[in-house]
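Submitted below is the structure of interest, expressed as structure tokens.
This structure is a prediction, so every number in the text was calculated from the model and none was measured.
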Amino acid sequence: MSLTRAAAFAPVNIALTKYWGKRDHEINLPLAPSISITLSDLGTLTVVQPDAHLSANRMLVNEEPIDGKGLVKVGRVMRAVRALAGTDVRAGIRAVNTVPTAQGLASSASAFAALAKAAVTAYGVDVDLATLSGLARTGSGSACRSVHGGWVLWNEGEKADGSDSISEQLLTPEAWPLRVVVAHIGEGPKKISSTEGMKQCEKTSPFFEAWIETCHRDVEDCKVAMINRDVQHLAQVVEGNALAMHATMMATRPGLIYWQPATLGVVHAVRNLRETHGLSCLFTIDAGPSVVVLTEAADLSRVSAAVGAIPGVTRITQTRIGPGAHLVPNG
Ligand code: DP6
């Protein structure tokens with residue numbers, strides 16, 4: 001076994017059909033499959049340095065020490081990596097996000113995919129992408145999709161140990177190079193995390209069962225839209241799935257409302273651009289107020305300008321569909 005310093009970058013991913021409901025809360029096993037795209041540029045750079053002098057893992061995120069629930073999740077991933085490596089040595093970990101933490105832009109996805117990639121390398125463990133996605137998943141469910149680039153499917157699996165709940169690439173980034181506009185809305189971390197929000201929906205949303213059935217159907221529908229490279233079809237599935245998730249959230253007691261007025265402003269603007277002006281665009285919303293818009297390259301500037309002009313949109317980020325987690329040799 002050789003222990004060394006390793007750095008990895010992982011991008012965030014945006015679910016087109018969402019993961020919102022678990023059959024196992026300990027190792028993040030979902031009740032339904034989900035499909036996402038991996039974004040380039042936005043993500044997390046993580047450095048793992050095994051250190052025999054440490055009695056516990058230490059972690060800094062954007063130079064701030066983390067503890068509590070965050071460190072528990074990190075501990076799960078690191079324990080699994082130590083078991084594979086056959087060592088007790090703990091590590092010092094530093095992570096820097098290029099995406100705002102906990103604003104509904106899946107920063108936990110990039111964080112745990114980067115952690116898993118850097119940790120297996122630092123501990124000298126040789127794993128395939130399926131195993132890597134499983135390690136990332138134990139930190140945060142959606143992280144298993146950031147292991148791959150492009151268009152990614154996370155299979156829900158059936159097994160209790162999660163060995164069949166892994167992600168796979170369906171299309172490369174180049175195969176359908178849609179562009180992405182992130183409309184940033186709202187300040188500061190969200191009040192209810194995805195982990196807690198999901199639990200609340202499972203317990204108290206009257207729509208929860210119907211929501212999970214919808215996800216199973218939407219994944220199949222999304223695959224058809226992808227095969228045909230059909231933006232109109234994709235819009236029906238992706239917008240419908242996001243709205244169904246938010247309806248499920250809003251119907252819990254107490255209702256979970258992640259939206260701000262600007263969220264709805266962007267939703268209407270995107271619909272208007274598509275239905276009245278014939279532009280190829282569609283929206284999705286994760287567990288936060290920000291909206292992610294997909295569009296074709298030819299319509300990018302008009303879509304960006306329209307979305308950026310909505311009151312309450314603090315800034316926009318243009319990006320593309322990109323590669324998955326990778327090592328950064330001198331990071
Ligand atoms: C709305 O993966 O952050 O972004 O597994 O509890 O860490 P945990 O939850 P997380 O949930 C992501 C929820 C979502 C939808 C999605 O990415 O599929």
Side-chain angles (χ1 to χ4, degrees), residues 12-36 68-70 72-73 100-109 112 137-145 154 156-157 165 183-219 221-222 236-268 270-271 282-292 312:
V12 300
N13 69 77
I14 296 294
L16 302 178
T17 71
K18 309 292 184 187
Y19 148 60
W20 195 258
K22 303 185 195 185
R23 63 186 169 91
D24 185 313
H25 284 267
E26 186 67 22
I27 52 171
N28 299 324
L29 302 180
L31 284 163
S34 55
I35 292 179
S36 61
K69 288 178 185 164
V72 170
K73 291 179 178 185
T101 307
Q103 270 193 25
L105 273 183
S107 58
S108 68
F112 284 101
R137 193 206 66 231
T138 57
S140 179
S142 55
C144 75
R145 298 184 309 234
W154 174 14
E156 84 270 35
S165 182
H184 299 269
I185 297 166
E187 299 291 327
K190 59 194 177 199
K191 291 193 180 70
I192 307 273
S193 68
S194 294
T195 307
E196 294 308 317
M198 273 186 229
K199 278 188 193 152
Q200 188 172 319
C201 285
E202 288 163 17
K203 281 194 202 122
T204 72
S205 181
F207 306 149
F208 191 73
E209 239 182 85
W211 156 246
I212 294 299
E213 283 167 22
T214 304
C215 288
H216 284 273
R217 277 198 307 275
D218 284 348
V219 160
D221 216 10
C222 189
Q236 300 315 314
V237 182
V238 172
E239 293 184 0
N241 187 271
L243 293 173
M245 178 178 76
H246 282 274
T248 308
M249 294 164 163
M250 287 178 194
T252 59
R253 308 285 166 90
L256 268 178
I257 306 174
Y258 286 108
W259 296 7
Q260 294 292 328
T263 309
L264 202 50
V266 175
V267 164
H268 283 300
V270 169
R271 284 262 167 109
L282 58 104
F283 68 82
T284 186
I285 312 163
D286 273 354
S290 296
V291 183
V292 177

> Where do Thr195 and His25 land on the side chain to side chain contact (heavy atoms under 4.5 Å, CB included) test, with the steps shown first?
Replying inline: CA-CA 8 Å; Thr195 307; His25 284 267; 5.5 Å; no
> So, for Ala251 and Phe207, which heavy atoms are closest and what is the spacing to 0.1 Å?
Replying inline: CB-CE1, 3.5 Å
> Is Thr252 reaching over with its side chain to a backbone N or O of Thr204, donor-acceptor style, under 3.5 angstrom?
Replying inline: no
> Would you call Met249 and Trp259 a side-chain contact if the rule is heavy atoms closer than 4.5 Å?
Replying inline: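 With C-beta onward as the side chain, the pair stays apart.
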>> Minimum heavy-atom separation for Cys215 and Ala32, please, with both atom names.
In response: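 Shortest heavy-atom contact: CB-CB, 3.6 Å.
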> Hey, what do you get for CD (Glu213) to CZ (Phe208), rounding to the nearest 0.5 Å?
Replying inline: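 It is 11.0 Å, given to the nearest 0.5 Å.
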>> Before you tell me yes or no, could you show the steps for Val266 and Ile285 under side chain to side chain contact (heavy atoms under 4.5 Å, CB included), namely the whole-Å CA-CA distance, both residues' side-chain angles and the distance that decides it to 0.1 Å?
In response: CA-CA 10 Å; Val266 175; Ile285 312 163; over 6 Å; no
> Distance-only, no hydrogens or angles: does the Asn13 side chain make a donor-acceptor pair with backbone N or O of Ser142 under 3.5 Å?
Replying inline: yes
> Taking all atoms of both residues into account, what is the closest heavy-atom pair of Gly197 and Trp20, and its distance?
Replying inline: C-CZ2, 3.5 Å
>> We want to know whether Ser193 and Lys69 form a side-chain donor-acceptor pair, criterion being a heavy-atom distance below 3.5 angstrom.
In response: no
>> Does Glu209 have more than 12 heavy atoms from other residues, nucleotides or ligands lying within 6.0 Å of its CD?
In response: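 At most 12 heavy atoms, drawn from other residues, nucleotides or ligands, come within 6.0 Å of this atom.
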> What closest approach, in Å, do Ala242 and Thr284 show between heavy atoms, and which atom pair accounts for it?
Replying inline: CB-OG1, 3.6 Å
> Just by modelled atom types, is the Glu156 backbone N or O under 3.5 Å from a matching donor or acceptor in the Arg23 side chain?
Replying inline: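 Checking the backbone N and O of Glu156 against the side chain of Arg23, a donor-acceptor pair under 3.5 Å is found.
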>> In terms of relative ring orientation, are Tyr258 and His246 parallel, tilted or perpendicular, with 30° and 60° separating the classes?
In response: perpendicular
> Can Ser34 and Thr17 be said to form a side chain to side chain contact (heavy atoms under 4.5 Å, CB included), step by step?
Replying inline: CA-CA 5 Å; Ser34 55; Thr17 71; 4.2 Å; yes
> From Met198 CE over to Leu256 CG, what is the distance, rounded to the nearest 0.5 angstrom?
Replying inline: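 That separation rounds to 11.5 Å.
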> Taking Asp286 for the side chain and Ile14 for the main chain, is one N or O donor matched with an acceptor at less than 3.5 Å?
Replying inline: no
> What pairs with Phe283 under ring pair (Phe, Tyr, Trp, His ring centres under 6.0 Å), at least two apart in sequence or on another chain?
Replying inline: none
>> Which residues pass the side-chain hydrogen bond (donor to acceptor under 3.5 Å, both in side chains) test with Thr248, not counting sequence neighbours?
In response: none
> Is any side-chain heavy atom of Phe112 less than 4.5 Å from a side-chain heavy atom of Thr138?
Replying inline: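 No - every pair of side-chain heavy atoms lies 4.5 Å or more apart.
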> Could you state the interatomic distance from CD (Gln200) to NZ (Lys203), rounded to the nearest 0.5 Å?
Replying inline: 8.5 Å
> Roughly how far, to the nearest 0.5 Å, is CG of Asp218 from CD1 of Ile35?
Replying inline: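 Here the rounded value is 9.5 Å.
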> Which heavy atom in Lys73 sits nearest to a heavy atom in Gly139, and how many Å separate them?
Replying inline: CD-O, 3.4 Å
> When rounded to the nearest 0.5 angstrom, what distance separates CG in Leu29 from CZ in Arg137?
Replying inline: 5.0 Å
> How long is the span from the CG atom in Leu16 to the CG atom in Leu282, to the nearest 0.5 Å?
Replying inline: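 The distance works out to 8.0 Å.
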> Between Glu26 and Asp24, what is the shortest heavy-atom contact and its length?
Replying inline: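 Closest approach of Glu26 to Asp24: N-OD1, 2.7 Å.
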> Are the side chain of His216 and the backbone N or O of Leu31 linked by a donor-acceptor pair below 3.5 Å?
Replying inline: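 Here the side-chain-to-backbone pair exists.
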